[in-house]
Amino acid sequence: MRASAVAQPNIALIKYWGKRDIVSNIPAVGSLSITLASLETRMTVEFEKGIESDSLSVNHEPAERLLPRVSRCLDDLLGPGRAPAVIESSCNFPIAAGLASSASSFAALVVAASQAAGLQADTLSLARSAGRASGSAARSLYGGFVELQASESEILVESILDADAWPMEVVVAINAKGEKPVSSGDAMNLSAKTSPFYSSWVEHQDQDLRVARAAVADRDFMTLAAISEHNCLKMHSLMWTSRPSVVYWNKATLACMETIRRLQNDGVPVFFTIDAGPQVKAVCLPAAAKQVRDALRETDGVLDTLQSSLGGGAHALDKP
Ligand code: PMV
């Protein structure tokens, strides 16, 4: 009744922003991501009949505020009649700061819980459960380049290219360490309701996905770079034009974008993407990683950098 799992965050190149159905968390747009290798969440779940309710610790501290969402995810996976669980989570990177910690957390949770409960579930069913808790978590069940489709009624997700088929490095510039002021879920619902550009975003997403999918198939870095930056900036334009507006960037975010533009002008194969936080993720070909990391380290306001190659999806660990 006890099992552990590990999962990595994923970074969307073509972004998920907006829900078709808020209750079942069906995305309004498809998205395409890369799963990282060295940033990770480890989760241990133990079901115990003798205790009254679920408990959750994150990095050895009680995490009451996150518990209801975690409990709902376990109910979704196993049914509300399940035994209460003791859940221990640890994360080797900042939490709730726009680094997709919810993606790796819910992906690790469904794998560990299904294993602990002896549930025979395939990866897509686990991805659907994780995705109902956090849309982007569905993608962390898979490795490499992953596509989450905008379907009418069900979460559909698959790996479109293995991690080792097109090696890349991601350098993350940590530009603030606190938790984000508005959750991505609340912010995307606000954008859908109030941004005048939301319908255009939804309408053009398939076009962006087609370009990105073809660039991945052709290993065409420049095309993937251009469409990823464009799609990221469109998503942030939705946030900025929501009412009230949501701005996750800080000064260092802009300084990192300038650094990356300078590297690009020098012919370095790198592009940026930014999620619901001020951190900048620089995606580059492996030979450029050192130069990119050095340049970001020297950029004003950057507190720290992390680096990762691409990795496989969530998996159970032999030793709980
Ligand atoms: O899965 P959520 O609800 O945390 O939303 C993720 C939103 C972005 O990270 C900004 C974009 C994405 O596709 O991951």
Side-chain angles (χ1 to χ4, degrees), residues 7-36 39 41 66 69-70 72-73 76 91 93-110 127-142 145-150 155-157 160 170 172 179-192 195 198 201-202 205 208-209 212-213 227-240 242 246-249 253 272-281 283 314:
Q8 291 75 19
N10 67 77
I11 307 290
L13 305 183
I14 303 299
K15 307 291 189 187
Y16 151 53
W17 197 254
K19 301 175 200 284
R20 182 190 302 271
D21 181 321
I22 293 182
V23 176
S24 45
N25 222 21
I26 304 292
V29 291
S31 55
L32 194 154
S33 62
I34 44 180
T35 303
L36 302 183
L39 275 54
T41 299
L66 300 174
R69 227 172 134 198
V70 166
R72 272 199 303 278
C73 180
D76 176 272
C91 205
F93 61 96
I95 292 173
L99 279 174
S101 59
S102 64
S104 52
S105 300
F106 285 105
L109 178 71
V110 294
R128 284 178 172 158
S129 252
R132 283 189 284 271
S134 163
S136 58
R139 300 186 308 237
S140 274
L141 266 296
Y142 298 83
F145 293 77
V146 179
E147 191 172 337
L148 174 62
Q149 287 167 25
I155 291 170
L156 285 175
V157 57
I160 59 166
V170 179
V172 183
E179 291 196 11
K180 57 187 154 213
V182 188
S183 76
S184 44
D186 286 349
M188 69 177 77
N189 293 339
L190 184 70
S191 294
S195 171
Y198 183 74
W201 159 256
V202 174
Q205 186 79 340
D208 289 6
L209 271 169
R213 206 182 294 131
I227 197 68
S228 299
E229 288 189 355
H230 176 65
N231 190 268
C232 163
L233 292 174
K234 281 200 295 191
M235 178 184 76
H236 285 274
S237 306
L238 293 177
M239 300 174 187
W240 286 40
S242 296
V246 178
V247 179
Y248 288 112
W249 299 3
T253 312
F272 64 76
T273 190
I274 305 157
D275 293 294
Q279 335 300 359
V280 173
K281 290 103 183 197
V283 183

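As the structure lists them, so they are numbered: ligands from 1, and atoms in each ligand from 1.
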Distances under 3.5 Å, N/O of ligand 1 against N/O of the protein: list each pair and its distance.
residue	atom	partner	partner atom	Å
ligand 1	1 (O)	S134	OG	3.0
ligand 1	1 (O)	G135	N	3.3
ligand 1	1 (O)	S136	N	2.8
ligand 1	1 (O)	S136	OG	2.7
ligand 1	4 (O)	S184	OG	3.0
ligand 1	13 (O)	Y16	N	2.8
ligand 1	13 (O)	R139	NH1	3.1
ligand 1	13 (O)	R139	NH2	3.2
ligand 1	14 (O)	R139	NH2	2.7

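With salt bridges taken as basic N to acidic carboxylate O contacts below 4.0 Å, one links D208 and K234.
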Legend entry - Trace of the side-chain contact (heavy atoms from CB on, under 4.5 Å) decision for L36 with I11: CA-CA 8 Å; L36 302 183; I11 307 290; 3.9 Å; yes

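Judged as a side-chain contact (heavy atoms from CB on, under 4.5 Å), and not counting sequence neighbours, the contacts of S183 are D186.
Formation of a donor-acceptor pair under 3.5 Å by the R128 side chain with backbone atoms of I155 is found in this model.
Defined by atom type and a distance below 3.5 Å, a donor-acceptor pair is missing between the side-chain atoms of K19 and S24.
Taking the six-membered ring where the residue is Trp, W249 and H236 present tilted rings, their angle falling between 30° and 60°.
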